[in-house]
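Have a look at this one before I ask anything.
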Amino acid sequence: MSTIFFNKNSKFKIASVLAYEVIDSRGWPTIACKVTTKSGVSGLAMVPSGASTGTKEALEMRDGEKNRFYGKGVLKAVKNVNEALAPLLIGMNVNDQTKIDQLMINLDGTENKSKLGANAILSVSLACARAAANANNLPLYAHIRKNIIKQNIDFFDLPVPMLNVINGGAHADNTIDFQEFMFVPVGANSIHQACQISSECFHALEKILKDKKESTGKGDEGGFAPNLKTADEALSLMVEAIKLAGYREGINKDVAIALDVAASELYDTESKKYIFKKALDANVWSKDQAIKTTDQMIDYLKELTIKYPIISIEDGLSEDDWDGFKKLNESIGDHIQLVGDDIFCTNPKYLQKGIENKVANAILIKLNQIGTLTETIKSIQMAQNVNWCAIISHRSGETEDTTIADLAIALNSKQIKTGSMSRSERICKYNRLLLIENELGARAKYDGLASFYSINTTTPKKVNKNG
């Protein structure tokens, strides 16, 4: 009689990898992937898609067939997963995230993942992480902390939300050239209180816009998209909303403000000037006002930080304007968080250049800019090792996938961008953070203003709705 020995690791072996098309929050296709182990445990991931994209981003593979989804289908990426990647991955240990990601990177063989598509590769990378977490009977954030970055620290930092409440630029069909205006609840003492503050300020802003007969229609990320004339007008209304909600505006008070200029969208490579096209087309500004040199852009941003409680500026200048970025950082980087998005694209190569040239003090992290979980983690850790903040971010085209919430907590990233207080693909990330805070209890910490550790701030004060 023979004896059969059960290999306990067999339950972690990949049995199947299946990709398919799903629909994102803008109604366009994106790719999903389900990885199942031999024990029947599975993990599902959906990949986001950007509207305002940097030129250094890894390639998002689209079909280009105009008679189907106007060319935006992702069946090529789906095929690459099911026919090229799946056969190689079946039988591998789903816990081997680094090996899995590297195998896919090697098979693609291009710098920007243009052979297989970063969306194809990322769908598998994230689905494997989720399957491994489920197989280990761990929440995703705990699996990433314990089994991927291999830290035994049992305390977790909860990220400060950067709540996009006014959309402009490429995210909305309105007259505002800046892309995002965000509430930042720096004075909260928990994710629950941060969400309460954010919700109340959001609804106060909605009331103000309605009273002023402005549109309360929404942009891609759930923020309002009114036809305001300038950034000044948007910022003034935000300050008014903070006060109406019963909070104090200020970097060291209850609610601060963050901007995403998305200046690469404004930059003209021939003239090397910034053109506020929407303001110009709407006759809001004259040519002299709407066309700015790098120095004029820096002066304009500095002026806004003096007038309003701005704690963070993302992509204040173009991804091509490295000298300008450095000058901006030298000018206000000691007290304003200056975030690089398009200039770095979550890529360790460009981040290293940015660190060496001191062009910013923080990086925005978007998983699909680089294409694998392990490369994303490398960029986060590289930034944190030089005291830069790493802000985990959604994209304009999102799904109900909540990976970024777990990633922010696993890596103690301190800050998160996941949209406004509307649209379920944004809210699900906040709800995931609320659940995790409940699960962690005393093991969770919300640092508020201290989460902006790469700049000089004063000691935060507790929220006081009575002023």
Euclidean distance, I370 CD1 relative to I377 CD1, rounded to 0.5 Å | 12.5 Å

Flag if over 12 foreign heavy atoms under 6.0 Å of CD, Q352 | yes

Salt bridge (charged side-chain N to carboxylate O under 4.0 Å, His left out) against D232, all qualifying residues, sequence neighbours excluded |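 Per chain and number, D232 pairs via salt bridge (charged side-chain N to carboxylate O under 4.0 Å, His left out) with K307.
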
Considering only NZ, NE, NH1 and NH2 on the basic side and carboxylate oxygens on the acidic side, decide whether D406 and R432 come within less than 4.0 Å.
->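 The answer is yes: the pair qualifies as a salt bridge.
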
Please determine if R423 and E398 form a salt bridge, counting it only when a charged side-chain N lies under 4.0 Å from a carboxylate O.
-> no

Smallest heavy-atom separation, V81 atom then A120 atom, equals CG2-O, 3.5 Å

Chi angles and distances behind the side-chain contact (heavy atoms from CB on, under 4.5 Å) call for K287, L280 | CA-CA 7 Å; K287 271 193 174 182; L280 200 56; 4.0 Å; yes

Side chain to side chain contact (heavy atoms under 4.5 Å, CB included) with I144: of L138, L407, T403, only one passes, and it is L407

Residue K292 excluded, over 12 heavy atoms near NZ under 6.0 Å |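 Correct, the count exceeds 12.
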
For atom NZ of K277, decide whether the heavy atoms of other residues, nucleotides or ligands shown that lie under 6.0 angstrom number more than 12.
-> yes

Those residues that, when tested against F202, pass ring-ring contact (aromatic ring centres under 6.0 Å, His included) (two or more places apart) |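 Partners of F202 under the ring-ring contact (aromatic ring centres under 6.0 Å, His included) test: F224.
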
Grab the two heavy atoms, one from C389 and one from S454, that are nearest each other, plus how far apart they are.
-> SG-OG, 3.8 Å

Using atom types as modelled and distance alone, determine if a side-chain donor or acceptor of S199 lies under 3.5 Å from a backbone N or O of C195.
->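 Side chain of S199 to backbone of C195, a donor-acceptor pair under 3.5 Å: no, none is there.
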
R395/E57 ion pair, N-O < 4.0 Å |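 A salt bridge is present here (some side-chain N lies under 4.0 Å from a carboxylate O).
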
Can you tell me which residue pairs pass the ring pair (Phe, Tyr, Trp, His ring centres under 6.0 Å) test with a partner in residues 349-388, sequence neighbours excluded?
->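 Ring pair (Phe, Tyr, Trp, His ring centres under 6.0 Å) check on residues 349-388 returns F344-W388.
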
Which heavy atom in Y274 sits nearest to a heavy atom in S318, and how many Å separate them?
-> OH-N, 2.9 Å

L116 CG to N80 CG distance, which is reported to the nearest 0.5 Å | 5.0 Å

In Å and rounded to the nearest 0.5 Å, what is the CG to CZ distance from D401 to R130?
-> 5.0 Å

Could I get the full list of salt bridge (charged side-chain N to carboxylate O under 4.0 Å, His left out) partners for D96, not counting sequence neighbours?
-> none

Partners meeting ring-ring contact (aromatic ring centres under 6.0 Å, His included) with Y430 (sequence neighbours left out) =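 Counting only residues at least two positions away or on another chain, Y430 forms no ring-ring contact (aromatic ring centres under 6.0 Å, His included).
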
G371 backbone acceptor or donor facing N368 side chain under 3.5 Å |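 A pair under 3.5 Å: no.
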
Under 3.5 Å donor-acceptor, T175 side chain and L228 backbone =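 Confirmed, T175 side chain pairs with L228 backbone.
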
The single option from V124, T98, L89 passing side chain to side chain contact (heavy atoms under 4.5 Å, CB included) against L103 |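 Exactly one option meets the side chain to side chain contact (heavy atoms under 4.5 Å, CB included) with L103, and it is L89.
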
Ion pair present between K327 and D295, side-chain N to carboxylate O less than 4.0 angstrom?
-> yes

Has D281 got more than 12 heavy atoms of other residues, nucleotides or ligands less than 6.0 Å from its CG?
-> yes

For side-chain contact (heavy atoms from CB on, under 4.5 Å), just list the numbers for D157 and I409, CA-CA rounded to whole Å, side-chain angles, deciding distance to a tenth of an Å, and then say yes or no.
-> CA-CA 6 Å; D157 290 333; I409 288 177; over 6 Å; no

Out of L126, I105, I100, which one pairs with T372 under the side chain to side chain contact (heavy atoms under 4.5 Å, CB included) rule?
->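 Considering L126, I105, I100, a side chain to side chain contact (heavy atoms under 4.5 Å, CB included) with T372 is found only for I105.
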
Would you tell me whether Q337 and E314 have side-chain atoms, one donor and one acceptor, within less than 3.5 Å of each other?
-> no

Residues, nucleotides or ligands: over 12 heavy atoms within 6.0 Å of Y70 OH =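 No, because the 6.0 Å sphere around OH of Y70 holds 12 heavy atoms or fewer from other groups.
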
Does a donor on one side chain sit under 3.5 Å from an acceptor on the other, for T30 and E21?
->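 Not at all, the side chains of T30 and E21 share no donor-acceptor pair under 3.5 Å.
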
Less than 4.0 Å between a side-chain N and a carboxylate O, is that true for K113 and E375?
-> yes

Any idea which heavy atoms bring V35 and A127 closest together, and the distance?
-> CG2-CB, 3.6 Å

Taking salt bridge (charged side-chain N to carboxylate O under 4.0 Å, His left out) as the test, write out the residues that go with K272, two or more places apart.
-> none

Given the rule in the side-chain contact (heavy atoms from CB on, under 4.5 Å) test, do S413 and I365 qualify, once you have shown the distances and angles that lead to the verdict?
-> CA-CA 10 Å; S413 78; I365 298 294; over 6 Å; no

Looking only at side chains, do N164 and R426 share a donor and an acceptor under 3.5 Å apart?
-> no

So the side-chain hydrogen bond (donor to acceptor under 3.5 Å, both in side chains) pairs with at least one residue in residues 100-109 (sequence neighbours excluded) are Q97-D101, D101-S125, D101-T374, Q102-N106, D108-T110

Once you round to the nearest 0.5 Å, how far does CG of N95 lie from NE2 of H143?
->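 Here the rounded value is 6.0 Å.
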
With sequence neighbours excluded, tell me which residues meet ring-ring contact (aromatic ring centres under 6.0 Å, His included) with Y453.
-> none

Ion pair E180/K417, N-O distance below 4.0 Å | yes

Quick one: is the NZ or CZ of K358 closer than 6.0 Å to the six-membered ring centre of W322, and within 45° of its axis?
->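 Not satisfied by the 6.0 Å and 45° rule.
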
Using the test salt bridge (charged side-chain N to carboxylate O under 4.0 Å, His left out), find all partners of E233 that sit at least two apart in sequence or belong to another chain.
->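 E233 satisfies salt bridge (charged side-chain N to carboxylate O under 4.0 Å, His left out) with no residue once adjacent residues are dropped.
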
With distance as the sole test, does D63 use its side chain to make a donor-acceptor pair with the main-chain N or O of K76 at under 3.5 Å?
->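 Confirmed, D63 side chain pairs with K76 backbone.
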
Sort and list the pairs that fulfil ring pair (Phe, Tyr, Trp, His ring centres under 6.0 Å) and have at least one residue in residues 91-142, not counting sequence neighbours.
-> Y141-F156

Salt bridge flag under 4.0 Å for residues K72 and E65 = no

Quick note, ring pair (Phe, Tyr, Trp, His ring centres under 6.0 Å) partners involving residues 79-119, not counting sequence neighbours, are none

Taking only residues two or more places apart in sequence, or in another chain, which ones meet W28 in a ring-ring contact (aromatic ring centres under 6.0 Å, His included)?
-> none

When you look at T376 and I392, which way does the side-chain contact (heavy atoms from CB on, under 4.5 Å) test go after all the steps?
-> CA-CA 10 Å; T376 302; I392 310 299; 5.9 Å; no

What one should report as the nearest heavy-atom pair of K218 and S422 is CE-OG, 3.5 Å

S25 side, atom OG; E221 side, atom CD - distance, nearest 0.5 Å | 8.5 Å

Please name the pair of heavy atoms, one in T230 and one in V284, separated by the smallest distance, quoted to 0.1 Å.
->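 For T230 versus V284, the nearest heavy atoms are CG2-CG1, 4.0 Å.
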
From L411 CG over to S379 OG, what is the distance, rounded to the nearest 0.5 angstrom?
-> 10.5 Å

For D177 and A279, indicate whether the former's side chain and the latter's backbone hold a donor-acceptor pair under 3.5 Å.
-> yes

